[in-house]
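Treat the numbers as computed from the prediction; the structure is a model and nothing was measured.
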Amino acid sequence: MAETLVRLIPSGGFVCRKGDRAEHWIGIVSGLVKVSSVSPEGKPTTFIGVPSGGWFGEGALLKRESRRYDAIALRSSVVAYMPRNTFFLLLDTNVHFNRFLLVQLNERLGQFVAMVEHQRFLRPDARVAAELAALFNPVLYPGNHSILPISQEELGPLLGLSRQRVNSALHRLERAGLLTVDYGGVTVKDVQGLREYAG
DNA sequence: ACATTAACAGGAA
DNA sequence: TTCCTGTTAATGT
């Protein structure tokens with residue numbers, strides 16, 4: 001804790017940039033951060049949203065590479081930067097830290113496999129439901145409450161759908177009583193229901 | 001069919 | 001003023 005620095009990143013600010021040297025392991029204390037990239041044609045895409053409690057960026061640290069993706073705060077966020085030396089010291093000396101990291105990696109791998117599964121098998125409405133539920137993974141993102149402060153404008157690229165399609169899906173899910181649609185975000189009322197939603 | 005892009009008006013921050 | 005939402009029309013697969 002003494003060596004980890006904590007910074008407040010304003011909404012829209014960079015948490016880290018593609019191409020940066022990776023000097024820290026990054027944790028979200030509060031707020032919401034998107035991990036994204038830009039295609040060769042110039043189209044921006046978001047890969048994951050990381051809410052409070054989530055850690056990322058260990059890949060570039062472990063492989064001693066530069067950052068592969070941008071991370072941008074979707075709203076004002078408190079971000080913890082653990083220096084590489086601290087990260088490797090803990091990795092070399094602390095069993096609990098290793099276990100924590102292993103569980104993180106395992107859960108994230110499961111999240112990505114599920115994401116591919118959803119994209120191949122589910123219709124857009126069900127995909128929106130499934131991915132919203134995934135943002136409430138209790139292992140990866142402990143201590144989340146039910147309000148998900150992410151606009152439909154950001155949700156579209158995150159889910160690989162147009163904003164308009166996301167809008168219609170959200171309203172269908174709202175009519176099903178699983179969530180409510182607010183300005184700039186959604187309030188999840190029934191995570192289990194979202195998981196089980198099939199259209 | 002069904003999703004996407006483009007465009008626009010009205011509301012929120 | 002800028003961003004977000006809800007909606008429609010045109011377009012594409």
Side-chain angles (χ1 to χ4, degrees), chain A residues 6-18 26 28-54 56 67 69-79 111-137 140-141 143-199:
Chain A
V6 175
R7 298 213 318 242
L8 178 67
I9 308 291
S11 179
F14 279 89
V15 172
C16 67
R17 284 173 188 269
K18 185 175 182 174
I26 300 170
I28 309 307
V29 179
S30 70
L32 183 65
V33 168
K34 67 173 176 182
V35 177
S36 58
S37 183
V38 182
S39 76
E41 296 80 33
K43 289 191 174 182
T45 325
T46 303
F47 299 112
I48 44 170
V50 186
S52 56
F56 65 93
R67 303 241 96 109
Y69 309 106
D70 291 320
I72 298 166
L74 288 179
R75 41 196 307 118
S76 176
S77 300
V78 178
V79 179
Q111 187 189 6
F112 273 96
V113 172
M115 199 185 293
V116 173
E117 184 180 27
H118 297 155
Q119 278 186 14
R120 297 195 180 166
F121 292 153
L122 298 182
R123 0 193 64 262
D125 286 343
R127 254 163 71 196
V128 173
E131 296 305 330
L132 284 179
L135 281 175
F136 283 86
N137 179 325
L140 234 36
Y141 312 121
N144 270 328
H145 39 343
S146 60
I147 54 164
L148 197 55
I150 179 169
S151 71
Q152 297 171 18
E153 219 165 13
E154 292 291 351
L155 219 40
L158 175 59
L159 302 176
L161 294 167
S162 66
R163 178 178 70 77
Q164 293 85 336
R165 191 60 187 79
V166 167
N167 179 272
S168 120
L170 286 179
H171 283 289
R172 208 163 302 182
L173 295 173
E174 183 173 48
R175 264 178 266 124
L178 300 176
L179 51 79
T180 55
V181 181
D182 321 315
Y183 183 84
V186 297
T187 304
V188 174
K189 289 159 69 178
D190 183 358
V191 187
Q192 196 54 37
L194 283 177
R195 273 190 200 107
E196 292 162 359
Y197 187 85

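If you measure from atom CZ of A:Arg123 to atom P of B:dA3, you get 7 Å, rounded to the nearest angstrom. Distance CZ (A:Arg163) to P (B:dC8): 14 Å, rounded to an integer number of Å. When the P atom of C:dG6 is taken as reference, atom CG of A:Leu170 falls 8 Å away, rounded to whole Å. Rounded to an integer number of Å, the gap from NE2 of A:His171 to P of C:dT8 is 12 Å. Atom CZ in A:Arg165 sits roughly 19 Å away from atom P in B:dA6 (whole-Å rounding). The CG-C1' distance, from A:Asp125 to B:dC2, rounds to 11 Å in whole Å. One atom, CZ of A:Arg75, and another, P of C:dT2, lie 20 Å apart when rounded to the nearest Å. The interatomic distance linking A:Arg172 (CZ) with C:dG6 (C1') rounds to 15 Å, in whole Å.
Listed by chain and residue number, nothing satisfies the ring-ring contact (aromatic ring centres under 6.0 Å, His included) test with A:Phe14 (two or more places apart in sequence, or in another chain).
For the residue pair A:Asp70 / A:Ser36, no side-chain donor-acceptor distance below 3.5 Å is found, with atom types taken as modelled. In summary, the side chains of A:Arg165 and A:Ser168 do present a donor paired with an acceptor at a separation below 3.5 Å, with no hydrogens or angles considered.
Checking C:dG6, C:dT7, B:dA3 against every side-chain atom of A:Asn167, the shortest atom distance belongs to C:dG6. Comparing C:dG6, B:dT4, B:dA3 by their nearest atom to the side chain of A:Pro124 picks out B:dA3.
Remark: A:Ser151, A:Gln152, A:Glu153 in residues 150-159 of chain A come within less than 4.0 Å of DNA chain C through at least one heavy atom.
A:Arg75 contributes no side-chain N or O that, together with a main-chain N or O of A:Leu32, makes up a donor-acceptor pair within less than 3.5 Å. The closest donor-acceptor contact from the side chain of A:Gln152 to the backbone of A:Arg163 lies at 3.5 Å or more, if one exists at all. The backbone N or O of A:Tyr69 sits nowhere less than 3.5 Å from a side-chain atom of A:Ser37 that would complete a donor-acceptor pair.
Nearest heavy atom pair, residue A:Val29 against residue A:Ser52, reads O-CB, 3.3 Å. Across all non-hydrogen atoms, the minimal contact from A:Pro51 to A:Ile28 is O-CB, 3.5 Å. Residues A:Leu122 and A:Ala130 approach most closely at CD1-CB, 4.0 Å, considering heavy atoms.
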Find every protein N or O atom lying less than 3.5 Å from an N or O atom of nucleotides 10-13 of chain B, and list the pairs.
{"residue": "B:dG11", "atom": "N2", "partner": "A:Tyr183", "partner atom": "OH", "Å": "3.1"}

